[in-house]
Amino acid sequence: VTDWLDGLGAGETPPTGQILVVGDAPALIARARELADQRGSYVAVAAPNPTPRLFHAGADTAADVPLEPDPIFALMRERGADIVLGPQTPQAAFLLGRLAQRTGGGLVRARDVEIDPDSGRLVCRADAYGGRLLLELAPNPPAFALLDVERLPPAVEDPRRGGAML
Amino acid sequence: LRALVLVKPIPDLQNLSISRSLNRVFENGPRLMDPRAAPPIQAAVDGGATVIALSVGHPDDTDGLRRALAMGATEAVLLAHPQGRLLDAAAVVGAIVAECPECDVIFAGSPMGQVGPRLAEALGWAFSRQSKPAPRTVHVIGPEVSARLPSALSILKAARQPIQVLEARPGPAAVQVRSMEVTP
């Protein structure tokens, strides 16, 4: 079930998979847009009852799927997603935790994320020891990260921007 | 019903040494029980189960398990590894799956944690946020279940109870540390 993960191991060809955002938080989609632009890939969003606002924030495609492991896993496979971002909520933590285990990927509750310019892989910054230590972490692909939406810069939405509903 | 409760040992933040020159944090004492483990212990005890408290950590990380015993756990198991404090969630789940004591239900704390969901996925079990135990289910219990403080007598009794220490066989790590920096 994880055939599409072949070739995503450490040191492999730089990934060009899509970035999948779970949920409809505009700030998270906007952050994913920035990362996708850095690596030349696309942003897919999985959210129940998606609206055009997701495209205004930076999504290329949006899928109306329940936020449950099986449909999100199927969407990951369909989109070839190798990075999955979610908000720091119990529901997203449960979802991304299960998916990380299913795919062998790494999951980080991150302060921020960026793309390594050399490898194209996700790099996460996360606190340890109550914030006394700042770690730079590289989750195995597919890489999963939970971000605090309240700490992200607000999305600059462009109403002229469109996308495809899947 | 045999309930496994996951008890994460966490550093004592009041007992750290920070070296800016070495860019490291040193733990000066034993690790403590993550307070988020208290609600699931209480839920398992209140559910009438035989409660097995389980930690994955360094061989010295027994304080949390003693606390769990004082709260009413029946048995305590430590999956010990010299690098046990450095294992990521995937490695911890691998260790638990490799040496999982026989149980019907698993309780975990920390609704934002990933060990509970990963374990449910690894075992093919259901996942629930309800405290009433259901077979073959990983229950993640948050602070909505209030835990009672153990009595002094329970703490003294727990200090004499045995803790089963098994060698941990961690799974492969899923996250690599690239760098670390002591914050200003």
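Below, chains carry the letters A, B, ... as their sequence lines are ordered, and counting in each starts from 1. No experiment lies behind these values; they were computed from the predicted model shown.
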Exercise for review: Take A:Asp116 and B:Arg178 through the test side-chain contact (heavy atoms from CB on, under 4.5 Å) and record every step on the way to the result.
Suggested key: CA-CA 11 Å; A:Asp116 182 300; B:Arg178 285 169 43 127; 2.7 Å; yes

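Hydrophobic clustering, with ILVMFWY side chains joined whenever heavy atoms are under 4.5 angstrom apart, keeps A:Val21 apart from A:Ile72. Two different hydrophobic clusters hold A:Met76 and A:Val45 under the rule that ILVMFWY side chains link at heavy-atom gaps under 4.5 Å. No path of Ile, Leu, Val, Met, Phe, Trp and Tyr side chains, each step under 4.5 Å between heavy atoms, connects B:Ile41 with B:Val77, placing them in separate hydrophobic clusters. Residues B:Val182 and A:Leu137 share a single hydrophobic cluster, defined by chaining ILVMFWY side chains whose heavy atoms lie under 4.5 Å apart. Each of B:Val7 and B:Ile96 belongs to its own hydrophobic cluster when Ile, Leu, Val, Met, Phe, Trp and Tyr are linked at side-chain heavy-atom distances under 4.5 angstrom.
Contacts between residues 134-170 of chain B and chain A, counted as heavy-atom pairs separated by less than 4.5 Å, involve no residue at all. Proximity to chain B among residues 86-99 of chain A is limited to A:Gln88, A:Thr89, A:Pro90, A:Gln91, A:Ala93, A:Phe94, A:Gly97, A:Arg98, judged by heavy-atom separations below 4.5 angstrom. Identified by a heavy-atom distance below 4.5 Å to chain A, the contributing residues of residues 26-37 of chain B are B:Glu27, B:Arg31, B:Arg36, in residue-number order. Residues of residues 159-166 of chain A never come closer than 4.5 Å to chain B when only heavy atoms are counted.
We find the CD-CG distance between B:Gln176 and A:Leu135 to be 13.0 Å, quoted to the nearest 0.5 Å.
Looking at B:Leu13, both its backbone and its side chain come within 4.5 Å of chain A, counting heavy atoms on both sides. Proximity to chain A (any heavy atom under 4.5 Å) is shown, for B:Ala89, by neither the backbone nor the side chain. For B:Val93, the part lying under 4.5 angstrom from a heavy atom of chain A is the side chain only.
In this structure, the side chains of B:Arg24 and A:Leu133 stay at 4.5 Å or more apart for every pair of heavy atoms.
Heavy-atom pairs under 4.5 Å with chain B were tallied for A:Val108, A:Asp127, A:Val123; the largest tally goes to A:Val123.
Closest of all the heavy-atom pairs between A:Gly105 and B:Ala174 is O-CB, 3.5 Å. Here the closest heavy-atom approach between residue B:Leu16 and residue A:Arg132 is recorded as CD1-CD, 3.7 Å. Closest heavy-atom contact between B:Arg118 and A:Gly106: NH2-CA, 4.0 Å.
Applying the 6.0 Å contact sphere to CZ of A:Arg125 captures more than 12 heavy atoms from other residues, nucleotides or ligands.
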